[in-house]
Amino acid sequence: MTPGDDEARLRAAMVEAHREDARRMPRFETTWDPVRRPRTQRATWRWAVLSTVALAAAVGGWLVARPKPTPAPWPVVGTRWVGPTDFLLETPDQITLRSLPTLAPRGFP
Amino acid sequence: MASLELERQIAALHPASFAWALACTRWNAADAEEVLQSAYLSILEGRARFDGRSTFRTWLFAVVRNIAARARRRRWLESREPWRALLGASAPDPVEPVLAEERGARVRRALGTLPARQREVLDLVFFHEMTVEEAAEVMGVSIGTARTHYHRGKLRLLALLGTEDLP
């Protein structure tokens with residue numbers, strides 16, 4: 001038997017070994033689609049996470065860097081504050097005390 | 001490579017890839033399909049990238065082979081987990097399913113007795129029509145090593161088939 005015969009024999013044997021392959025082979029789509037679909041879902045999920053993080057970073061950055069509003073100056077109030085119980089201090093004598101008569105200089109008749 | 005072009009090339013090679021995956025998993029169709037699916041996934045996710053240093057087929061076969069080898073290792077490790085022994089559970093039975101086609105089954109049994117590398121190089125050369133150099137690339141070994149496995153495998157398989165009624 002020549003080496004060529006041996007090789008032909010081995011080739012034929014291999015074909016025999018693989019004869020059932022086609023019958024057992026899953027369709028390409030059956031193998032391909034399940035791995036492609038999760039990839040799309042993963043990509044969508046990844047985009048959702050990235051978008052949320054980017055949005056949070058943008059909002060945070062804006063909050064930190066936004067121009068601070070200058071505090072409003074205290075209003076200058078020109079009126080005197082009057083407490084709600086101040087009326088209790090208003091006594092009849094107060095008027096008297098505030099309006100003491102001016103004493104005449106000594107020696108005035 | 002554009003994803004549509006990639007998909008087209010993978011689809012064109014699907015039957016050959018499945019045949020190769022079968023050879024890598026000792027003709028277990030369920031394992032072969034799982035290996036092929038993992039290979040496609042790792043290509044889609046970019047973990048396996050075609051860099052044009054070999055033909056697309058050689059590269060794809062190498063990816064399939066690596067994933068089959070990893071799956072084999074994982075199963076081997078799982079079968080040695082102590083809790084399995086305690087529970088009396090056994091690893092998945094690698095017994096080849098009985099096939100109606102008896103002659104093919106005899107060849108597969110003969111191939112099954114060969115060391116993995118001899119089996120692989122013979123399959124690549126005699127079924128997938130690769131050169132020994134291409135087979136070496138797929139197997140990730142030097143050309144010299146592939147040649148040694150090729151010659152030893154050839155002699156051993158011929159001896160095993162010697163008494164068989166094969167064409």
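In what follows, chains carry the letters A, B, and so on, assigned in the order in which the sequence lines appear, proteins first and then strands, with residues in each chain numbered from 1. Side chains are part of it too, since the values below use all heavy atoms of this structure and drop only hydrogens, waters and symmetry mates.
With a threshold of 4.5 angstrom between heavy atoms, A:E29 does not approach chain B through any atom at all. Within the 4.5 angstrom heavy-atom criterion, no atom of B:E34 approaches chain A. Within the 4.5 angstrom heavy-atom criterion, only side-chain atoms of B:L111, from C-beta onward, approach chain A.
By the 6.0 Å and 45° rule, A:R66 stacks over the aromatic ring of A:W62.
Taking the six-membered ring where tryptophan is involved, the planes of B:W59 and B:F50 are tilted, since the angle between them lies from 30° to 60°.
Salt bridge B:R117/B:E120: absent, no basic N to carboxylate O contact under 4.0 Å.
If you chain together hydrophobic residues whose side chains sit under 4.5 Å apart, A:L50 and A:V53 never meet in one group.
Interface check for chain B: of the options A:M25, A:H18, A:R11, the most heavy-atom pairs under 4.5 Å are formed by A:H18. Between chain A and the residues B:L36, B:L157, B:D123, B:L22, the most heavy-atom pairs under 4.5 angstrom are made by B:D123.
Rounding to the nearest 0.5 angstrom, the gap separating the CZ atom in B:F56 from the CD1 atom in B:I10 is 4.5 Å.
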